[in-house]
Amino acid sequence: MSEFIQIIVSGLSAGSIYALAAVGFTLLWQASQTINFAQGEFVMLPAFFVLGAMGLGAPMWLAIAVALGLSVLLLGAAFKKLIVEPMLPHGTLPLIIATIALGLLMKESVKEFYSAQGQPFPPIFPTEVVRVFGAAISVADIMNLAVSFAAILTLQLFLQRTRTGRCMQATAQNRGVAEILGVNVKRMVMYTFLINAALAAIASILITPIYLAKFSNGETLGLVAFIAAIVGGFNQIRGALVGGLLIGVIDNLSAFYVSSEYRAAAPLILLIVIIMVRPQGIMGTSEGRTV
Amino acid sequence: MLRKILLAAGVAALSMSSAVSAQTVRIADVAELSGAGAAAGSVWHDGVVMGYDEVNAAGGILGQQVELQAYDSQTDPQNSRAMVQKAIDEGTYILMGTVYSSSTIVNMLVAQQNGMPQFTGSESPTITAQGNPYIFRTAFGAQKGLPKIGSYLADDLDVSKIAVVWANTEFGKGGYNAFLNVAEANGIEIVADIPTEQAQVDFAADVSQVASSGAEAVFVYLTEEESARFLLEADKQGLDMPLAGDTVLVSQKVIDLAGEAANGAFGHVGLSANAPIPAIAEVSARFEARFGYAPDHNALKGYIGAWTVKYVTEMVGELDREAFAETMHGLCLDAATYPGVLMDVCWDESGEISRASFLVEVVDGGQVITRTLPAN
Amino acid sequence: MTASPKYLLYIAMLVALVLAPLGQGNYIVYVLCSWLIFSVAAMGLNLTLGYAGQVSLAQAAFMGIGAYITALMTMAGYHWLLAMPFAILSCFGIGLILGYPALRVQHHFLAFVTLAFNTLVFLVLRNEEWLTGGSFGLVPIPRPDFFGFSTFKQVPFYYFALVCFLLAAGAMAWIVRSPWGRAFKALRENPIRANSLGLNTRLMTLLAFAIGSGFAGLAGAMMAPLVQFIEPGSFTLIHSLKILLMVVVGGSGFYYGPFLGAAIVVLLPELLRFTEGYYLIIYAAFVLVLMVFSPNGLIGLWQKLMDRFRTQQVERSDLKDGAQL
């Protein structure tokens, strides 16, 4: 029993961070029909901003603030302005390729200019452990869940309850109509990119104390978040949350009860089954067929 | 367009072949300078660089300066094979590298076909089991190191049931297979057999499995970051059993990454930058001063390899690869006469190495040598 | 008038390909061989991507399937000529099975399914050690003999790979130019119109994907004897992305695009060698800039530049309109 609780809680804790990264996929998909193959690197990089700032002598809180600011600026604004905007008229494929290249660029740059070696990352929450039915649950586990839920709920509320949020949703649903109704579409799309960058930075700061900072972290993370987004439903934010948690738990359950050798297969098989049975994802709503 | 590229390739090839100079000895280092193995490969390469720089400062090989060429395998076995081919085409005298066994096992075929002596940093047992007369290790294979930890577990700690957590890669599988033999020989039962993914980040399920298996100890055979993540998770879940491993588990890198969670882990180490040997301490200090980070076993492997090339070539008296390989087989170098090898060392007919080794425990964030084991 | 310079160009290219390995070191010949092989794989993906408009992220997995089938069969003593069609047909068949459910729904789902498929293939190759040798891989894979012509040495192997490449390129040219291939183009230009003209777009797309996968099977069948060693790590998602980059960088939808793209990716480390460890950074930055300025890749860029020079000779637009009417 204690093992069961242990792996469920650990799975939820990891899954909540996958969810943060997965929300980014759905946001960008809605705003620009972009699949961001650099999303994993978007989560890898902010941790190095924190390390860099701390290396220059900044205290932890300041380093985190700097990392958040830099992420929003570079991974949000600059990404949108310099890469996405000029390429949008050419369809999604060149953009997908560009994000693959961007991911490679970020990964290799961190390796060359920071370090090829994994780096320890200071914990942001106390490392105390509580025992619940014999399962070890750390403060970080609970805080990861809490922060991720809070971030995603706030986002959901923002999109539904504020004027700007509703304008963003209108833009996502139908850009042309939104423009006619007087929505500043460009600005709304920009907001989406800024939010994505901020979420990626939060995910980075939550996950790196456990996963350690390494240039290649984005490969695994990006893939997991991507699968979570598809499983949950590519066009719904709550879908990404459900998908992330589900993948986190399933990964641990399959490793424990089924086979460690094939643990990586479970989320992938789930993905294929979902696409066959419910292509819009668990929480998603059906989109019109493009052809 | 096509022709232009072919032409460019042709021109590049021509210019390469004319660059060889008579005054220097060309030596190639094929290493994992990018990709998943960059952490290990770049440290090895820095060790090789420092070794040859010191060889050059000491007058070079047979009075000729060494011109070291680096080749990036990108941690891709196929590419490493191509790079070895390239190094041979460009006229290298001896080949250094690679560190990842999955690469070495492929590229050593090319080196063998060309009669090219090769110093590898790989520790997989398979490397020296191929009957290749040109391959030489710089640190001994897992099949030599693991029996020492096996008998320690069985005799000193009285362990009869053990859990094995291993990386499901060529590296991990080699160590895992070797450990299975060791466990059987020592009458240790494997109660949990847990393969893990490369770059796996969540070890909660793995640690839970170990905890619920009834094992009295756990043997961890993972790469650096994964070892650290496992230790962190084991610490969090309060896994209360001896954590045994090999060189990697107790390496300085893992200790730095895992912090306090690494305390108590112990392992068998073939080469350690913290070994209680003055020569190693001096080399480590020079390395850190030059590259700005502490060296690990991979750096020492590269360094020792570089000096060995000088010593053996000068024994032969000329740049003769065939004679070099013959001399290496059954050769022993003692550290008093040949300080560059740091510790007394011998190579056997298969290129396997024997050297004293250490039992290391992590105490207060540092390696402590608990026992020095004689060469076998 | 138009035909003869074109044929001269073909002959010149052929001569260049035949002469390329002569007098080169083994390494350069090896690089040329891998260029030929990746060109075949990229050519196949170009059909899927450039002509049928579908993103496949499993081209490396299909190469892996082809390579393992070839390796297992040739190591068991069957001739390469027997193993190769088997590899191609297996990839074609798996492509059909994989593509059918994915193409039933929205078009970008093929990308998702192939993404999952690639990693699943890797896991099976690694875990089923009894068959595939697991993470240790398969070694040594023999190089084929053809009626006394041994491909064991590097240069003969190059000519063997060149023949395979030319046959594949010929088959691709036939596919693209046949009425059937024109239907692919129609599909890409305007799927709804193609559909309304009576083309079964779903079947066409599925076939394009399966044929593209078959080309990857051939590439795998060529790669196994070249490297003489295969292991699961050579066929992961990253390698699929690499082939995808080749196609798009060269120019997807252009017949020569994949050859150019493969040349860039395979030869680039060589050309950028002077930059030491930075070549991947430079390569990534180059792809980014290329995509921003020329989404149609290098061939698209070339055409753009050509158009700029030709602008003076543009026809009278009113006449053009008239001709169309």
Side-chain angles (χ1 to χ4, degrees), chain A residues 29 33 35 37 82-87 89-109 111-113 116 219 223 226-227 229-231 234 259-265 267-280 286-291, chain C residues 49-50 53 55 98 101-102 104-113 115-120 122-124 126-128 187 191-192 194-195 201-202 205 236-238 241-242 244-245 247-249 252 276-297:
Chain A
W29 174 257
Q33 306 277 300
I35 298 173
F37 271 91
L82 298 179
I83 296 172
V84 178
E85 209 163 87
M87 299 186 61
H90 304 300
T92 46
L93 184 66
L95 194 48
I96 289 177
I97 301 298
T99 59
I100 294 175
L102 180 67
L104 186 64
L105 183 69
M106 288 163 71
K107 195 164 65 180
E108 289 298 318
S109 301
K111 198 193 86 200
E112 283 301 326
F113 300 117
E219 290 167 22
L223 189 61
F226 188 50
I227 294 169
I230 301 167
V231 166
F234 224 88
S259 149
S260 297
E261 276 192 320
Y262 277 108
R263 76 183 287 176
L268 300 170
I269 291 168
L270 180 71
L271 172 92
I272 293 180
V273 170
I274 290 272
I275 284 179
M276 289 185 189
V277 182
R278 200 180 150 77
Q280 69 273 36
S286 181
E287 279 175 32
R289 283 189 54 168
T290 35
V291 175
Chain C
L49 183 79
V55 179
L98 190 69
R104 206 168 48 94
V105 281
Q106 287 162 352
H107 69 185
H108 51 265
F109 279 72
L110 185 71
F112 301 162
V113 170
L115 178 115
F117 176 72
N118 201 320
T119 306
L120 286 173
F122 167 77
L123 288 173
V124 170
R126 187 196 62 190
N127 292 345
E128 302 309 317
L187 190 65
I192 294 166
N195 208 358
T201 51
R202 195 189 299 159
T205 316
T236 53
L237 188 61
I238 295 215
L241 295 180
K242 189 165 108 178
L244 185 67
L245 278 171
V247 176
V248 181
V249 165
S252 77
E276 312 240 309
Y278 297 108
Y279 76 87
L280 274 174
I281 296 182
I282 294 171
Y283 170 58
F286 161 72
V287 173
L288 258 180
V289 173
L290 180 71
M291 285 297 109
V292 170
F293 289 104
S294 173
N296 285 326

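Naming convention: chains lettered A, B, ... in sequence-line order (proteins, then strands); numbering from 1 in each chain.
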Can you check whether [X] reaches [Y] side chain to side chain, under 4.5 Å on heavy atoms?
{"X": "I35(A)", "Y": "F112(C)", "value": "yes"}
{"X": "L115(C)", "Y": "F226(A)", "value": "yes"}
{"X": "T119(C)", "Y": "L223(A)", "value": "yes"}
{"X": "L93(A)", "Y": "S252(C)", "value": "yes"}

Would you name the heavy atoms of [X] and [Y] that are closest together and state the gap between them?
{"X": "R126(C)", "Y": "E261(A)", "value": "NH2-O, 3.1 Å"}
{"X": "M276(A)", "Y": "P101(C)", "value": "CE-CG, 3.5 Å"}
{"X": "A284(C)", "Y": "A101(A)", "value": "CB-O, 3.4 Å"}

Given that the side chain runs from C-beta out, which part of [X] has a heavy atom under 4.5 Å from chain A: side chain, backbone, both or neither?
{"X": "V248(C)", "result": "side chain"}
{"X": "Y283(C)", "result": "side chain"}
{"X": "V124(C)", "result": "both"}
{"X": "L49(C)", "result": "side chain"}
{"X": "I238(C)", "result": "side chain"}

Under a 4.5 Å cutoff for heavy-atom pairs, which residue among L123(C), N127(C), V287(C), L245(C) has the most contacts with chain A?
N127(C)
Quick one: which of L120(C), V249(C), I282(C) has the most heavy-atom pairs under 4.5 Å with chain A, could you say?
L120(C)
Side chain, backbone, both or neither: which part of [X] has an atom under 4.5 Å from a heavy atom of chain C?
{"X": "L271(A)", "result": "side chain"}
{"X": "E219(A)", "result": "side chain"}
{"X": "I230(A)", "result": "side chain"}

Candidates V247(C), L290(C), V55(C), L244(C) - the one meeting side-chain contact (heavy atoms from CB on, under 4.5 Å) with I97(A):
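With I97(A) as partner, V247(C), L290(C), V55(C), L244(C) yield a single side-chain contact (heavy atoms from CB on, under 4.5 Å), made by L244(C).
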Atom [atom1] of [X] and atom [atom2] of [Y]: how far apart are they, to the nearest 0.5 Å?
{"X": "Y262(A)", "Y": "E128(C)", "atom1": "OH", "atom2": "CD", "value": "3.5 Å"}
{"X": "I274(A)", "Y": "F109(C)", "atom1": "CD1", "atom2": "CZ", "value": "10.5 Å"}
{"X": "K111(A)", "Y": "I281(C)", "atom1": "NZ", "atom2": "CD1", "value": "7.5 Å"}

Heavy-atom pair count under 4.5 Å with chain C, highest-scoring of I272(A), I269(A), I100(A)
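Looking at each option in turn, the highest pair count goes to I100(A).
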Heavy atoms only, distances under 4.5 angstrom: which of H90(A), E85(A), K107(A) has the most pairs with chain C? Name it, please.
H90(A)
Classify the ring geometry between F113(A) and Y278(C) as parallel (under 30°), tilted (30 to 60°) or perpendicular (over 60°).
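Ring orientation of F113(A) relative to Y278(C): parallel.
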